[in-house]
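All values reported here derive from a predicted model rather than from experimental measurement. Note on naming: letters A, B, ... go to the chains in the order of the sequence lines (proteins, then strands), and numbering restarts at 1 for each one.
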Amino acid sequence: MKIATWNVNSLRARADRVEAWLQRSDCDVLAIQETKCKDENFPWELFENNGYEVAHFGLSQWNGVAIASRVGLDDVERTFPDQPVFGKNGKDPVQEARAIGATCGGVRVWSLYVPNGRALNDEHMPYKLSWLETLKNHAQGWVTADPETQIALMGDWNIAPQDEDVWDIEYFRTEGLTHVSEPERAAFRAFEDAGYQDVVRPHAPGPGVYTYWDYTQLRFPKKEGMRIDFVMASPALSSRVTGAVIDREERKGKGASDHAPVIVELAD
DNA sequence: ATGGTAGGATGCCTA
């Protein structure tokens with residue numbers, strides 16, 4: 001079985017790319033982030049025509065997460081329990097469309113779009129950190145309750161956990177940028193402490209291996225990227241992993257998302 | 001030279 005995660009940065013703008021990728025990737029499950037649409041604009045037939053069931057959670061033109069599967073799609077859950085709310089200037093707080101879970105082929109899959117902190121002193125940063133801590137607390141509880149449970153927390157984490165996960169850590173430090181700060185990295189490590197493993201890195205080691213390249217500044221041709229998309233697997237799922245690939249080819253050419261798909265292969 | 005790109009309810013906000 002092959003499971004994958006991909007921040008597509010607008011499903012409607014990327015429909016042809018996503019369909020072609022589904023047809024050539026041979027993936028059984030795809031966790032999608034940044035669909036950037038509501039259900040009424042979701043391209044349901046794209047998935048149905050290619051043999052996938054799909055569940056979507058989108059509230060507006062922002063965020064939006066989905067799971068497509070050809071090995072079953074059961075017990076769909078929109079938002080994780082107690083998912084923190086966010087409201088600009090404290091107004092109209094809402095649980096944003098950043099998490100959807102479903103059971104696919106015996107694996108509890110979560111498609112996650114972790115909030116972008118924007119800046120170290122921005123109000124989005126404490127939101128990001130509490131969002132992660134709340135998710136971690138529940139994820140820890142799921143494994144404690146059933147040590148054999150197979151869970152994949154996958155998506156765009158908006159964190160570069162190690163210095164090698166950005167092209168120039170000194171640039172990030174000098175500019176005071178997000179994604180590499182100690183609180184963000186501690187939030188990521190907390191998932192590891194709870195038993196979840198980054199199952200891609202051992203099969204796609206750095207340095208210089210990334211999942212995201214900014215559209216600006218010629219970041220992709222200059223190989224200046226970031227590793228911020230992860231598949232964090234519970235212990236029982238980790239032991240099934242036989243390989244992993246970051247599909248850097250998909251970042252090439254006109255009309256690419258700024259993120260590459262990340263694929264994990266599981267033993268039967 | 002303080003730029004560049006790409007998406008969205010586009011002439012501004014988000015990444």
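The distance from atom CZ of A/Phe220 to atom P of B/dG4 is 21 Å, rounded to the nearest whole Å. Atom CD of A/Gln217 is separated from atom C1' of B/dA15 by 14 Å (rounded to the nearest Å). Atom CG in A/Asn158 sits roughly 14 Å away from atom P in B/dT14 (whole-Å rounding). A straight line from CD of A/Glu175 to P of B/dG3 spans 13 Å, rounded to a whole angstrom. Distance A/Leu218 CG to B/dG3 C1': 11 Å, rounded to the nearest Å. Rounded to an integer number of Å, the gap from A/Leu59 CG to B/dG8 P is 17 Å. A/Glu224 places its CD atom 17 Å from the P atom of B/dG4, with the value rounded to the nearest Å. The CD-C1' distance, from A/Glu96 to B/dC13, rounds to 14 Å in whole Å.
The side chain of A/Glu34 sits closest to B/dA15 out of B/dA15, B/dG8, B/dT5. Among B/dT5, B/dA15, B/dG8, the nucleotide with an atom closest to any side-chain atom of A/Arg118 is B/dA15. Here B/dA15 is the nucleotide among B/dT5, B/dG7, B/dA15 with the atom lying nearest to any side-chain atom of A/Arg98.
Using a 4.0 Å heavy-atom distance criterion, A/Tyr113 is classed as a sugar-phosphate-only contact. Residue A/Arg219 is out of contact with every strand shown, counting any heavy-atom pair closer than 4.0 Å.
Between A/Tyr215 and A/Asp258, it is A/Tyr215 whose nearest contact on DNA chain B lies nearer the 5' terminus. Both A/Asp156 and A/Thr216 sit near DNA chain B, but only A/Thr216 has its closest nucleotide nearer the 5' end.
Salt bridge annotation for A/Glu164-A/Arg201: present, with a cationic side-chain nitrogen under 4.0 angstrom from a carboxylate oxygen. With respect to A/Lys128 and A/Glu123, no salt bridge is recorded, no charged nitrogen being found less than 4.0 Å from a carboxylate O. At a threshold of 4.0 Å, the pair A/Lys38-A/Glu40 does not count as salt-bridged, since none of the basic side-chain nitrogens sits closer than that to a carboxylate oxygen. Look at A/Asp214 and A/Arg219 and you find no salt bridge, because none of the NZ, NE, NH1 or NH2 atoms lies under 4.0 Å from a carboxylate O.
Two residues are said to be in side-chain contact when any heavy atoms from C-beta on lie closer than 4.5 Å; A/Lys136 and A/Leu153 fail this criterion.
Here the separation of B/dC12 from B/dT5, taken at their C1' atoms, is 16 Å to the nearest Å. Using atom C1' as the reference point in both B/dT10 and B/dA15, the two lie 15 Å apart (nearest Å). The same atom, C1', is picked in B/dC13 and in B/dG8; the two are 9 Å apart, to the nearest Å.
Contact annotation: A/Arg12 does not reach the phosphate of B/dG7 (side-chain N/O to OP1 or OP2, under 4.0 Å).
Applying the side chain to side chain donor-acceptor pair (under 3.5 Å) criterion to A/Asp163, with sequence neighbours excluded, gives A/Arg185. With sequence neighbours excluded, the residues that form a ring-ring contact (aromatic ring centres under 6.0 Å, His included) with A/Phe191 are A/Trp157.
Ring geometry, A/Tyr210 versus A/Trp213: the interplanar angle exceeds 60°, so the pair is classed perpendicular (tilted spans 30 to 60°).
Where DNA chain B pairs in unbroken runs of 3 or more (Watson-Crick or G-U, both distances under 3.5 Å), the stems are B:5-7 with B:13-15.
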